[in-house]
Amino acid sequence: MSHRIIYFGAGEFSVKPMQILLDDSRFEIIAVVTQPDKPVGRHQKMESPLIKSLAEKRGIEVFQFEKLKSDEAYQKLSSLTADVFVVVSYGQIIPQRVINIPKMGVINLHGSLLPRWRGASCVQAAIATGDEESGVTIMKIDALMDHGPILHKEVEPIRANDTGGMLFRRLSSIGSEVLPDVLDDYLKGTISPTEQNHDLATYCKILKREDGKIDWSKPAEEIERLIRAYDPWPGTWTEWNGKRMKILSACLSALNTHKPVGMIDIIDNAILIKCGDQKVLEITKLQLEGGKPLESIYFISGYRG
RNA sequence: CGCGGGGUAGAGCAGUUGGCAGCUCGCCAGGCCCAUAACCUGGAGGUCGUGGGUUCAAGUCCCACCCCCGCAA
């Protein structure tokens with residue numbers, strides 16, 4: 001007999017694990033909980049979370065509670081008699097009384113090696129900080145954010161040219177591969193959770209676009225990591241001629257520029273910017289407000305002045 | 001109708017108060033050179049997003065529409 005799951009998710013990270021669980025006969029997703037539809041994009045059209053259509057395609061009931069704290073949500077979730085809740089990139093805190101509903105508790109798949117990088121931007125934080133490895137953690141949720149005891153960890157090395165998007169995809173795959181067996185073992189009682197070492201905990205915040213504004217007074221290597229880490233979300237940018245210029249790709253350069261820190265200089269077909277430690281970063285791909293993404297040589301083609 | 005920028009040569013851009021459509025790169029041909037992605041000379045390539053309107057004359061002014069993008073989510 002298969003385990004009855006209610007699956008909580010919303011972000012992109014939640015898609016793949018859900019597909020895997022759907023195709024695994026050991027589990028039955030009896031309902032999906034996701035965020036409400038929101039007006040999105042340039043024309044403010046209403047858009048559904050990614051997993052909503054996936055659920056509807058399979059004929060699975062979808063709930064989009066405005067507040068998980070509400071009595072309505074509590075009563076609905078209680079009535080469904082699930083064995084366990086599985087939460088992946090859901091975006092709302094799970095209230096204690098909801099955690100108490102399923103007899104086997106609430107299991108979370110998280111994109112870092114807990115207790116390192118508790119919070120919403122764990123993938124970006126790992127790259128931006130220069131960590132050598134990242135990974136996924138499957139844990140049992142308790143009342144505090146990413147604080148509960150751990151069932152399983154899977155390590156994934158961070159590569160020298162990794163972007164947030166690249167690492168994100170790998171972690172998503174790894175998490176999806178590992179989740180079913182770990183979940184099954186846990187539900188059968190084969191593995192038991194072990195407490196996190198809370199002294200080692202680090203935290204990362206939810207990122208907004210404004211966080212992608214580059215502070216050129218920082219060291220070049222740090223900025224280079226930030227550019228990779230924040231690609232594609234929230235992206236990095238700087239002001240140029242009163243316009244917003246997205247920095248899509250950059251690398252450390254051996255060339256020098258005599259312009260002040262943070263000012264763009266063009267030498268030998270390279271776009272150079274001096275950083276706070278006097279080292280120079282070469283921008284290799286960028287996008288100007290209103291324009292399409294450009295390799296640096298194309299930007300230089302039209303550059304005047 | 002959430003706010004805003006933009007569609008001009010293959011690419012990226014300029015085009016002033018309407019008055020012969022330009023720049024950098026690329027492409028083609030020739031030259032220089034031991035040689036070259038470097039340099040020199042010449043050349044091809046545009047119904048200026050689409051449809052109307054104003055005017056002797058519209059890339060430029062007016063109206064409508066299509067498409068791309070930044071903010072915001």
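Just so we're on the same page: letters track the sequence lines, and every chain starts at 1.
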> Between Glu289(A) (side chain) and Arg244(A) (backbone), is there a donor-acceptor pair under 3.5 Å?
Replying inline: yes

How many whole angstroms separate atom [atom1] of [X] from atom [atom2] of [N]?
X: His43(A); N: C68(B); atom1: NE2; atom2: C1'; value: 11 Å
X: Lys208(A); N: C71(B); atom1: NZ; atom2: C1'; value: 15 Å
X: Ile266(A); N: G12(B); atom1: CD1; atom2: P; value: 16 Å
X: Lys292(A); N: C69(B); atom1: NZ; atom2: P; value: 7 Å

Base, sugar-phosphate alone, or nothing: which one does [X] contact when heavy atoms must sit under 4.0 Å apart?
X: Lys246(A); result: sugar-phosphate
X: Gln287(A); result: sugar-phosphate
X: Leu294(A); result: sugar-phosphate

>> Between the base of G2(B) and the side chain of Arg42(A), is there a donor and acceptor pair under 3.5 angstrom?
In response: no

> Roughly how far apart, to the nearest Å, are G70(B) and G12(B) at atom P?
Replying inline: 15 Å

>> Counting only side-chain nitrogens and oxygens, does Arg209(A) get under 4.0 Å of the OP1 or OP2 atom of A72(B)?
In response: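 Answer yes for this pair, as a side-chain N or O of Arg209(A) is under 4.0 Å from OP1 or OP2.
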
> With Tyr90(A), which of Phe13(A), Phe8(A), Phe65(A), Phe63(A) fulfils ring-ring contact (aromatic ring centres under 6.0 Å, His included)?
Replying inline: Phe8(A)

> Can you tell me the Watson-Crick or wobble partner of G4(B), both distances under 3.5 angstrom?
Replying inline: C69(B)

> Whom does G26(B) pair with, Watson-Crick or G-U wobble, provided both distances fall under 3.5 Å?
Replying inline: none

> Of the non-hydrogen atoms in Lys153(A) and Pro115(A), which two are nearest, and what is the gap between them?
Replying inline: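 So the two residues come closest at NZ-CD, 4.4 Å.
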
>> Looking at every non-hydrogen atom in both residues, tell me the closest pair between Gly164(A) and Val123(A) and how far apart they are.
In response: O-CG1, 3.6 Å

